[in-house]
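Small disclaimer: the values here were computed from a predicted structure and weren't measured. The chains referred to below are lettered A, B, ... by the order of the sequence lines, with proteins before strands, and numbering in each begins at 1.
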Amino acid sequence: MTDTELRVSKIQNGTVIDHVSAGEALHVLSLLGIDGTEGTPMSLGMNVPSDRLGRKDVVKVEGRELSDSEAEVLSLIAPEATINIIRDYDVVDKRRVERPEEVGGVLVCPNRECITNAGEPVEPTFAVLEDGLRCEYCGELIREDITAHLRN
Amino acid sequence: MRHDHLLTAKQLSRADIETVLDRAAAFDDNPAAAGERYADELLALCFFEPSTRTKMSFETAAKRLGGDVVDMGSVESSSVKKGESLADTVRVVEGYADGIVLRHPKQGAAKMASEHVDVPVVNAGDGAGHHPSQTLLDLYTIREHAGLDDISIGIMGDLKYGRTVHSLAHALTNFDVRQHFVSPESLQLPRSVRYDLHEAGAQVQEHESLDAVLPNLDVLYVTRIQRERFPDEDEYEAVAGEYSITPETLDAAKDDLAVMHPLPRVDEIAAAVDETENATYFEQAHNGVPVRMALLDLLLDDD
Ligand SMILES: [Zn+2]
């Protein structure tokens with residue numbers, strides 16, 4: 001599948017995530033909580049030639065706009081990504097992801113003894129380090145495979 | 001000290017620590033000076049895990065300052081048993097008292113609690129996380145015996161789960177201290193603490209045996225290795241024996257080595273060590289009162 005072919009499958013309302021690091025598209029889908037069983041129309045391009053990245057992945061999801069906290073985590077998985085919000089076939093918002101100082105909401109702390117896993121009214125929050133994430137409550141580090149810690 | 005709460009030892013700068021220790025020393029020298037500094041103030045003691053020692057120490061400190069305490073009592077007899085969240089509990093208690101001392105089994109509990117209330121929260125232990133008031137009394141004791149600069153300290157025992165160790169290690173990075181960690185491989189420092197020590201540029205060495213490093217130490221901080229950390233009794237016995245202290249162990253140490261322990265101990269320090277000049281752990285425990293007085297005085301001061 002080429003970039004040209006991908007462009008053909010336009011979506012009406014939803015999100016196009018472009019310039020995803022090659023091979024990361026499936027992680028982006030799991031960030032969005034999409035595994036195909038929910039019937040959301042979507043298309044996926046993997047290892048598509050790209051001027052900027054050499055190879056890139058592209059994810060198009062119908063009927064779904066990325067929340068701010070999802071966009072923040074996206075920046076950790078795919079630092080070069082651009083997010084295009086589509087309404088009625090038009091790009092109404094196009095932005096690069098920015099690496100935040102802190103992410104919250106979509107990740108779960110891997111430490112079972114953390115207060116954020118104890119049924120308390122508290123949102124797990126992570127400081128973004130150069131080489132990973134760190135729970136603001138218990139100090140636990142997430143160094144690799146961030147997507148393994150996404151909230152279901 | 002400009003902090004609303006005391007949650008971790010990590011938040012404390014060298015200046016913060018020295019402010020607390022200096023004030024503690026003043027209270028220690030002249031207990032009457034504490035007077036009625038804390039008159040009419042009430043400190044809430046919320047202990048979700050039993051800890052007679054820490055609780056009594058805070059209670060004594062509040063009363064020595066002229067204040068008083070209200071005690072949540074044991075978890076078994078409280079509304080927590082009925083499923084009330086910690087967040088709700090502290091919001092209710094905030095209405096009763098001028099400060100909250102919290103011991104809780106979950107890591108980060110004190111931080112979360114502090115986000116729900118306007119009164120100062122003191123973390124008196126959050127699972128395997130932090131125990132900063134213990135750290136301050138440890139530092140006070142170390143300063144009295146060896147000073148806090150250009151010293152070597154050995155920290156031995158359960159370094160993985162021991163929150164007193166984690167808090168102390170963080171705090172010592174503010175000073176010119178060489179830290180030697182002595183433990184069985186399975187109980188070495190957790191990754192998150194290592195990360196912080198590395199970030200702080202601490203002088204750290206890890207050892208599986210005390211022998212090589214003991215002669216260089218000014219302070220030896222011993223912690224308990226718990227039975228439940230090991231799959232079977234034999235393994236525990238073997239390891240525990242290797243990381244315990246007797247008067248004979250101390251033959252190889254400097255004469256003025258200070259042996260410390262956060263207490264309670266079981267058999268990691270033989271009773272015969274109590275009779276040596278090196279035994280510092282009971283004095284350390286007593287230091288909890290002036291240090292917690294200083295801490296409360298600084299945190300609860302309205303100015
Ligand atoms: Zn956590």
Whether over 12 other heavy atoms sit under 6.0 Å from B/R191 CZ: yes
Inter- and intrachain pairs under salt bridge (charged side-chain N to carboxylate O under 4.0 Å, His left out), touching residues 168-181 of chain B, at least two apart: B/D150-B/R178
Chain A contact residues among residues 112-129 of chain B, heavy-atom distance under 4.5 Å: B/M112, B/E115, B/H116
Residues, nucleotides or ligands: over 12 heavy atoms within 6.0 Å of B/K160 NZ: no
Atom of A/R134, atom of B/K10 and distance for their closest heavy-atom approach: NH1-NZ, 3.7 Å
Minimum side-chain heavy-atom gap B/Q107-A/I115 below 4.5 Å: no
Most chain B-contacting option - heavy-atom pairs closer than 4.5 Å, from A/G119, A/P121, A/C135, A/C109: A/P121
Heavy atoms of other groups near A/E38 CD, more than 12 under 6.0 Å: yes
A/N117, part contacting chain B, at a heavy-atom distance under 4.5 Å: neither
Sidechain-backbone polar pair: A/E120 side chain, B/S85 backbone, donor-acceptor under 3.5 Å: no
Residue A/D131 excluded, over 12 heavy atoms near CG under 6.0 Å: yes
Contacts with chain A made by residues 92-106 of chain B (heavy-atom distance under 4.5 Å), listed by residue number: B/H104, B/P105, B/K106
Neighbourhood of chain A inside residues 192-208 of chain B, taking heavy atoms under 4.5 Å as contact: B/S192, B/Y195, B/D196
More than 12 heavy atoms of other groups within 6.0 Å of A/E101 CD: no
